[in-house]
J.: 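This is the structure, below, for whatever I ask next.
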Amino acid sequence: MSSNSIIDDNATTSGNEMTNLTRSTPPTRERNAIWYTTVILLVIIIILATAGNLMVLAAMRIERGIRERYFIGCLAVADLLIGVFFCPLQLYEYEVRITSIHLCRFYMWINIFAESASIHTLTWISCDRYLKISKPLRYNVIMTTKKSKIVITIIWIISTAYATYGSFDMYVSPYGCFNNNDLFYTVAAITAFFVPTAIALIMYTRILLVANRRRKRARRGELGQTGQFTNNTSSFYQDLKNIRMMAIVIGAFVLCWGPFFIIYLLYRHVPALYDNEILQSLAAIILPPFNSVCNPIIYACCDKRFRDAFKRLFTRLWR
């Protein structure tokens with residue numbers, strides 16, 4: 001869903017009205033403090049999202065012991081696409097406005113593709129972590145490397161389908177790059193954001209319940225006191241640390257994308273509710289791509305393996 005598709009969309013028209021709009025003189029944005037702040041923040045996001053996610057992908061090659069590397073790598077690729085393609089196009093749209101229908105469609109396509117790939121990857125990670133902590137002895141048999149790659153392929157296919165269909169109804173007006181398919185984007189917001197987010201939250205809630213039950217059994221001595229128990233307990237708490245990290249990742253995703261989708265649906269059905277310029281800039285332009293900056297920072301703060309990998313990368317770069 002294009003962030004700019006809900007900004008200055010006073011041109012939500014069709015037929016003769018649409019023709020008149022495309023022939024009119026493009027309106028100009030007022031270059032006030034909000035405009036300059038938004039542009040500066042977008043440039044910073046482009047730099048940090050690109051550099052940070054390239055480091056994550058490099059860390060995947062250095063630290064091969066990271067079990068979730070395929071899914072984290074998938075998420076990093078989606079975030080990298082935001083930094084390399086979507087944010088520069090968003091900046092261009094915000095400053096100049098896109099006039100090419102092909103560029104307009106690609107702008108929408110890369111946005112939907114990356115967002116869909118991110119949320120579906122995060123949703124699967126939550127299911128994968130629940131499987132890991134609820135069935136620790138069978139996990140390596142149930143979730144093999146081959147199956148992980150198959151899941152990622154399915155996520156890419158679903159995201160491609162969403163993005164391709166969503167880019168069909170784009171049009172270019174003097175007000176920018178827009179679409180009029182309210183039904184699709186309402187359904188897409190529900191199925192590609194709200195439902196996956198709900199599933200992920202349910203999975204993490206169940207993980208907390210399983211962890212709480214296991215702690216109680218350990219305190220009662222029901223898990224034994226052997227060396228194997230000690231190793232299993234250590235593995236269990238390491239899994240909890242990984243789960244906490246991914247829970248923070250999905251929390252950041254919800255905080256960054258949630259306001260946009262809520263306002264998007266409100267605007268589509270009650271346009272008068274969306275007329276605040278600061279709210280437009282923050283919820284529709286800054287927060288969604290800022291999520292691509294958050295993930296590398298979260299990995300570095302919450303996971304020692306990533307910190308060590310990042311340190312080795314910096315050491316190599318500064319030699």
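These values consider heavy atoms only, across backbone and side chains, with no hydrogens, waters or symmetry-generated copies.
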J.: Parallel, tilted or perpendicular: which fits the ring planes of Phe106 and Phe85, with parallel below 30° and perpendicular above 60°?
T.: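 Rings of Phe106 and Phe85: perpendicular, over 60°.
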J.: If you define the side chain from C-beta out and look only at heavy atoms, does anything of Tyr94 sit under 4.5 Å from Trp35?
T.: yes
J.: Return the minimal non-hydrogen interatomic distance between Ala76 and Leu57, and the atom names on each side.
T.: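 Taking every non-hydrogen atom into account, CB-CD2, 3.8 Å.
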J.: Which heavy-atom pair separates Pro259 from Leu255 by the least distance, and what is that distance?
T.: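 Of all heavy-atom pairs spanning Pro259 and Leu255, the closest is CD-O, 3.1 Å.
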J.: Which label fits Phe261 and Phe193: parallel for a plane angle under 30°, tilted from 30 to 60°, or perpendicular past 60°?
T.: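 Aromatic pair Phe261/Phe193 classed parallel.
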J.: Would you kindly say whether Tyr171 and Arg105 are connected by a side-chain donor-acceptor distance under 3.5 Å?
T.: no
J.: Report yes or no: does Thr144 contribute a side-chain atom to a donor-acceptor pair with the main-chain N or O of Asn140 at less than 3.5 Å?
T.: no
J.: Does CZ belonging to Arg138 count more than 12 external heavy atoms closer than 6.0 Å?
T.: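 Counting neighbours around CZ of Arg138, 12 or fewer heavy atoms of other residues, nucleotides or ligands fall under 6.0 Å, so no.
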J.: Should Trp109 and Ile158 be regarded as members of a common hydrophobic cluster, given that ILVMFWY residues are connected when their side-chain heavy atoms come within less than 4.5 Å of each other, either directly or indirectly?
T.: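 As far as the 4.5 Å side-chain criterion goes, Ile158 and Trp109 are connected within one cluster.
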J.: Looking at Ser118 and Phe253, what are the two nearest heavy atoms and their distance?
T.: CB-CE1, 3.7 Å
J.: Quick check: closest heavy atoms across Phe260 and Pro288, and the distance to 0.1 Å?
T.: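 Heavy-atom minimum between the residues: CB-CG, 4.0 Å.
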J.: Please confirm whether the backbone N or O of Cys301 pairs with a side-chain atom of Arg307, one donor and one acceptor, at under 3.5 Å?
T.: yes
J.: Is there a side-chain contact between Pro289 and Gln90 in this structure, where contact means two heavy atoms from C-beta onward sitting under 4.5 Å apart?
T.: yes
J.: When the ring centroid of Tyr162 is compared with that of Phe113, is the distance short of 6.0 Å?
T.: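 No, ring centres 6.0 Å or more apart.
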J.: Can you name the disulfide (SG to SG under 2.5 Å) partners of Cys104, sequence neighbours left out?
T.: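 Here the qualifying residues are Cys177.
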J.: Return yes if some donor-acceptor pair links the side-chain N/O of Asn53 with the main-chain N/O of Ala49 below 3.5 Å, else return no.
T.: yes
J.: Which pair of non-hydrogen atoms, one from Ala283 and one from Ile263, has the smallest distance, and what is that distance?
T.: CB-CD1, 3.5 Å
J.: One pair to check against side chain to side chain contact (heavy atoms under 4.5 Å, CB included): Ile152 and Trp124. What are the steps and the verdict?
T.: CA-CA 9 Å; Ile152 291 172; Trp124 177 256; over 6 Å; no
J.: Show the numbers, then the answer: is there a side chain to side chain contact (heavy atoms under 4.5 Å, CB included) between Thr197 and Phe194?
T.: CA-CA 5 Å; Thr197 299; Phe194 291 107; 5.8 Å; no
J.: Okay, side chain of Lys132, backbone of Tyr139: is any donor-acceptor separation there less than 3.5 Å?
T.: no
J.: Please answer whether the main-chain N or O of Pro196 pairs with a side-chain N or O of Thr123 as donor and acceptor at a distance below 3.5 Å.
T.: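 Answer holds: yes.
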J.: How far apart are the closest heavy atoms of Ile286 and Leu41, and which atoms are they?
T.: CD1-CB, 3.7 Å
